[in-house]
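Each remark here refers to the structure printed beneath this line.
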Amino acid sequence: MSDLHHAVSLLKEGKLIGLPTETVYGLAADALNSKAMASIFHLKGRPTFNPLIIHTHSLEALKEDIIITPTARLLAEHFWPGPLTLVLRRSPHCRIDPLASAGLPTLAVRIPRHPLALELLKLINRPLAAPSANLSNHLSPTTKDMVLKDFKDLYVLEGGPAVVGVESTIIGLEGDVPTLYRPGGIALEAIEAVIGTIAQPGKGIHAPGMQKKHYAPNHSLRLNAVSKNEGELLLGFGDTKNADLNLSPTGDLTEAASNLFYMLHLLDARPSKGIAVSPIPMIGLGLAMNDRLKRGAVRD
Ligand code: TXA
Ligand code: MG
């Protein structure tokens with residue numbers, strides 16, 4: 001049996017698998033199976049108020065589950081398959097388990113671009129819920145080995161290193177104004193070029209499940225560091241001197257995003273007094289990187 005057929009049969013039995021996507025690896029399960037949904041929350045140690053993203057191979061496949069707005073169609077045409085998640089209203093006949101929505105009247109959906117993920121979704125022809133394949137609050141995995149560090153018995157499809165390296169951008173389309181719930185793998189500027197201004201958090205907007213602390217390495221993180229202190233490791237960007245690793249020596253934000261979680265993971269495995277990170281500009285994918293770093297720097 002091929003790896004893909006094995007993955008399909010596990011999913012049909014209600015089991016969980018590791019799914020490579022272009023952003024990060026996901027912990028995927030059949031979104032129509034409530035037991036499988038409960039297992040995702042249980043295995044990750046994820047609070048049940050934090051809803052999941054539903055992955056599909058086509059918008060049409062979910063037409064009885066969600067209310068598809070004209071803006072959703074426009075964004076889908078431009079960015080799918082790709083690292084964009086849209087939050088839409090659940091339709092009255094929605095088949096997706098309510099646990100995936102954490103009881104909310106909305107559903108987050110995306111079509112991933114990774115060829116293996118797309119092939120699997122077409123083959124099984126059922127929506128799959130997939131949070132990032134890490135224990136709650138840990139770094140998101142961008143390789144199969146990183147997934148196996150947190151879930152050693154999981155069946156994980158090998159899809160190579162994730163090319164985007166940060167999670168999808170999440171846009172809320174359930175209300176009157178499109179809203180940014182999470183900066184991610186598609187730059188906000190690119191989305192605004194298609195649909196105009198998008199409301200941003202900070203002005204009373206609260207995205208469900210977006211915790212202050214998240215994506216944390218074991219070592220402490222010191223952000224916007226201009227040099228490294230005694231005993232620290234330095235994660236550089238651009239022409240940083242004395243960097244232990246550099247996200248992108250040429251200052252390319254796309255390259256830096258693809259290296260972010262993996263390099264943090266590598267530095268975290270070395271003894272140190274903490275990880276210092278060079279400043280990263282707040283443009284393009286820099287928004288998503290700074291968001292992950294800020295949450296990763298929060299200590300209990
Ligand atoms: O790139 C990605 O999006 C990856 C890959 C595997 O597809 N998945 C991912 O899932 O990042 P996760 O569970 O780590 O993050 C999902 C986030 C939640 O924390 C929540 O903030 C948001 O999606 N979300 C899910 N459903 C939502 C909803 N109905 N309304 C608002 N936000 C929602
Ligand atoms: Mg996650």
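Ligands are counted one by one from 1 in listed order, and the atoms in each one are counted from 1 as well.
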(request) May I ask you to check whether Lys44 has an N/O atom sitting below 3.5 Å from an N/O atom of ligand 1? (result) no

(message) With heavy-atom distances below 4.0 Å as the criterion, list the atoms of ligand 1 near Pro131.
(response) 10 (O), 12 (P), 13 (O)

(message) If you define the side chain from C-beta out and look only at heavy atoms, does anything of Leu62 sit under 4.5 Å from Pro127?
(response) yes

(message) Which heavy atom of Ala29 sits nearest to which heavy atom of Ile40, and what is that distance?
(response) CB-CD1, 3.8 Å

(message) Listing by chain and number, which protein N, O or S atoms are under 2.8 Å from the Mg ion (ligand 2)?
(response) Ser132 OG

(request) Taking the side chain as every heavy atom from C-beta outward, state whether Ile53 and His55 have any atom pair closer than 4.5 Å. (result) yes

(message) How close do Ala133 and Leu27 get, counting heavy atoms only, and between which atoms?
(response) CB-N, 3.7 Å

(request) Look at atom 16 (C) of ligand 1 and find which of Leu84, Ile53, Leu88 reaches it with the closest heavy atom. (result) Ile53

(request) Say whether, by atom type as modelled, one donor and one acceptor occur between the side chain of Thr179 and the main chain of Val177 under 3.5 angstrom. (result) yes

(request) May I ask you to check whether Thr85 has an N/O atom sitting below 3.5 Å from an N/O atom of ligand 1? (result) no

(request) For a side chain to side chain contact (heavy atoms under 4.5 Å, CB included) with Ser132, tell me which candidate from Val24, Thr23, Thr142 qualifies. (result) Val24

(message) Under 4.0 Å from a heavy atom of Ala108: which atoms of ligand 1 are those, numbered in the order shown and with their elements?
(response) 25 (C), 26 (N), 27 (C)

(message) When you group the ILVMFWY residues by side-chain heavy-atom contacts below 4.5 Å and let the links chain together, are Leu233 and Leu223 in the same group?
(response) yes

(message) Quick one, Ser168 and Arg182 - any side-chain contact, counting heavy atoms below 4.5 Å?
(response) yes

(message) Any heavy-atom pair between the side chains of Leu11 and Asn33 that's under 4.5 Å?
(response) no

(request) With Asp30 as reference, evaluate Arg95, Lys35, Arg126, Lys12 under the salt bridge (Lys or Arg N to Asp or Glu O under 4.0 Å) test and give the passing residue. (result) Arg126

(message) Minimum distance, heavy atoms only, to atom 23 (O) of ligand 1: which one of Leu128, Ile54, Ile170 is it?
(response) Ile170

(message) Can you name the atoms of ligand 1, numbered from 1 with element, that are less than 4.0 Å from a heavy atom of Thr106?
(response) 28 (C), 29 (N), 30 (N)

(message) Quick check for you: to the nearest 0.5 Å, what is the distance between Leu287 atom CG and Leu253 atom CG?
(response) 10.5 Å

(request) Could you establish whether Arg46 and ligand 1 come within less than 4.0 Å of each other, counting only heavy atoms on the residue side? (result) yes

(request) If a pair satisfies ring pair (Phe, Tyr, Trp, His ring centres under 6.0 Å) and one of its residues is in residues 124-173, list it, with sequence neighbours excluded. (result) His6-Tyr155

(message) Below the 3.5 angstrom mark, is there an N/O of Asn50, backbone or side chain, next to an N/O of ligand 1?
(response) yes

(message) I want to know if ligand 1 touches Glu167 in the polar sense, i.e. an N/O pair below 3.5 angstrom.
(response) no

(message) For atom 9 (C) of ligand 1, which of the options Ala28, Ala100, Ser132, Ala133 provides the nearest non-hydrogen atom?
(response) Ser132

(message) When you measure from the side chain of His219 to the backbone of Arg270, do you find a donor-acceptor pair of N or O atoms at a distance under 3.5 Å?
(response) yes

(request) Ignoring angles and geometry beyond distance, decide whether Thr23 reaches within less than 3.5 Å of ligand 1 through its nitrogen or oxygen atoms. (result) yes

(message) Would Ala130 count as a contact residue for ligand 1, given that I'm defining contact as a non-hydrogen atom of the residue lying under 4.0 Å from a ligand atom?
(response) yes

(message) Within ligand 1, which atoms have a heavy atom of Tyr181 less than 4.0 Å away?
(response) 31 (C)

